[in-house]
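Notes follow once the structure below has been shown.
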Amino acid sequence: MIAVHGNKIQLFAGNASKKLGAAIADKLKINLSKLEVGKFSDGECSVHIGESVRGADVFVVQSTSYPVNDNLMELLVIIDALRRASAARITAVIPYFGYARQDRKARARDPITAKLVADIIETSGADRVLTMDLHAPQLQGFFDIPVDHLLGMPVLCRALIKDKLLNGNAVVVSPDVGSVNRARQMAQKLNCPLAIVDKRRPHANSSEVMHIVGDVKGKVCLLVDDMIDTAGTITNSAKALVEVGGATKVFCACTHPVLSGKAMERLTQSNIEKIYTLDTIELPPEKKIPKIIEVSVASIFSEAIESIFADKPVSKLYEV
């Protein structure tokens, strides 16, 4: 039970994270606070806070996943309502932060939408952000308010170790050069060697495998990434590991199951045996295929919320 020190804590969950919000509340041994979220006939977001939040330390759980714009707008309106209701401090708990891939001008006249989203979250009234596995960690610097950036890797490592999925014949594989640091950290935690799939991306949401750096022949491979979106990269990498590299089995671990476009078709037809993913994004029933194993982040988020409320460090949460 949380030790309240002269203030109260309240936890709200938006429509995108109802299940995760309820699980976090259960871990904290508190009830989810009352919140009504709906839409006017023209599609505008309608929010009503169902209880007093005056002087409270408030946490709002809402992933900005599909439908991204609706869920983002809902989060902003909830925060605004809480600010106008005199909440003492508002923390936006965003397990999956959308628009994180638009973090720079890749071409002339491109927007930097990640910075725009950071600005409007601050403007809406958030005092702090708690998130997990930003696509680019430097996005923390886009905010002028404190950001606690949790890592999904320790949670995934614990699940993999518990299920005894890997043995002494395993290799952790980065599906591209951009994910090498993440894969290297997991390889160190799991005491496995590292390999890299070198690829090029002709255009957005597509990839072409070039070659494999490292020895995967006769090995069990674990592909590691922060998200699976259209699943083109991860399935092409898995195919190359077996057909080019000579791997015997391929598993996958990721934080955010975005799973858009043809992702489900590709994953179903792929040679990936199991896909470990965190529940930062709530999957609809049609996406809960047998290959996908969901691992809950309720514990790590509840511990982080408790630490923030008590003004304690969250660094211990980065350990496996």
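Here the structure is a predicted model, which means the values were calculated and not measured.
Between R89 and D57 there is a salt bridge, since a side-chain N of the basic residue sits under 4.0 Å from a carboxylate O of the acidic one. Salt bridge present: D70 and K39 bring a charged side-chain N and a carboxylate O closer than 4.0 Å. Salt bridge D279/K19: absent, no basic N to carboxylate O contact under 4.0 Å. The pair D103-K115 does not meet the salt-bridge criterion, since no charged nitrogen lies less than 4.0 angstrom from a carboxylate oxygen.
Once rounded to the nearest 0.5 Å, the distance linking CD1 of I234 with OG of S270 reads 9.5 Å. Here CG of D226 is found 5.5 Å from NE2 of H135. Values are rounded to the nearest 0.5 Å. For the atom pair F59 CZ and L28 CG, the distance stands at 8.5 Å (nearest 0.5 Å). Interatomic distance, C252 SG to I272 CD1, rounded to the nearest 0.5 Å: 5.0 Å.
Atom NZ of K239 sits in a sparse spot, with 12 or fewer heavy atoms from other residues, nucleotides or ligands closer than 6.0 Å.
Counting only distance, with no hydrogens or angles, the side chain of S63 and the backbone of Y96 share a donor-acceptor pair below 3.5 Å. A side-chain donor-acceptor contact under 3.5 Å links D133 to the backbone of G152.
For the pair R128 and I308, the minimum side-chain heavy-atom distance is below 4.5 Å. Looking only at side-chain heavy atoms (C-beta outward), L82 and I49 come within less than 4.5 Å of each other. Side-chain atoms of L267 and L259, non-hydrogen and from C-beta on, do get closer than 4.5 Å to each other. A heavy-atom distance below 4.5 Å is found between the side chains of I9 and I305.
Residues meeting the side chain to side chain donor-acceptor pair (under 3.5 Å) test with N31, sequence neighbours left out: none.
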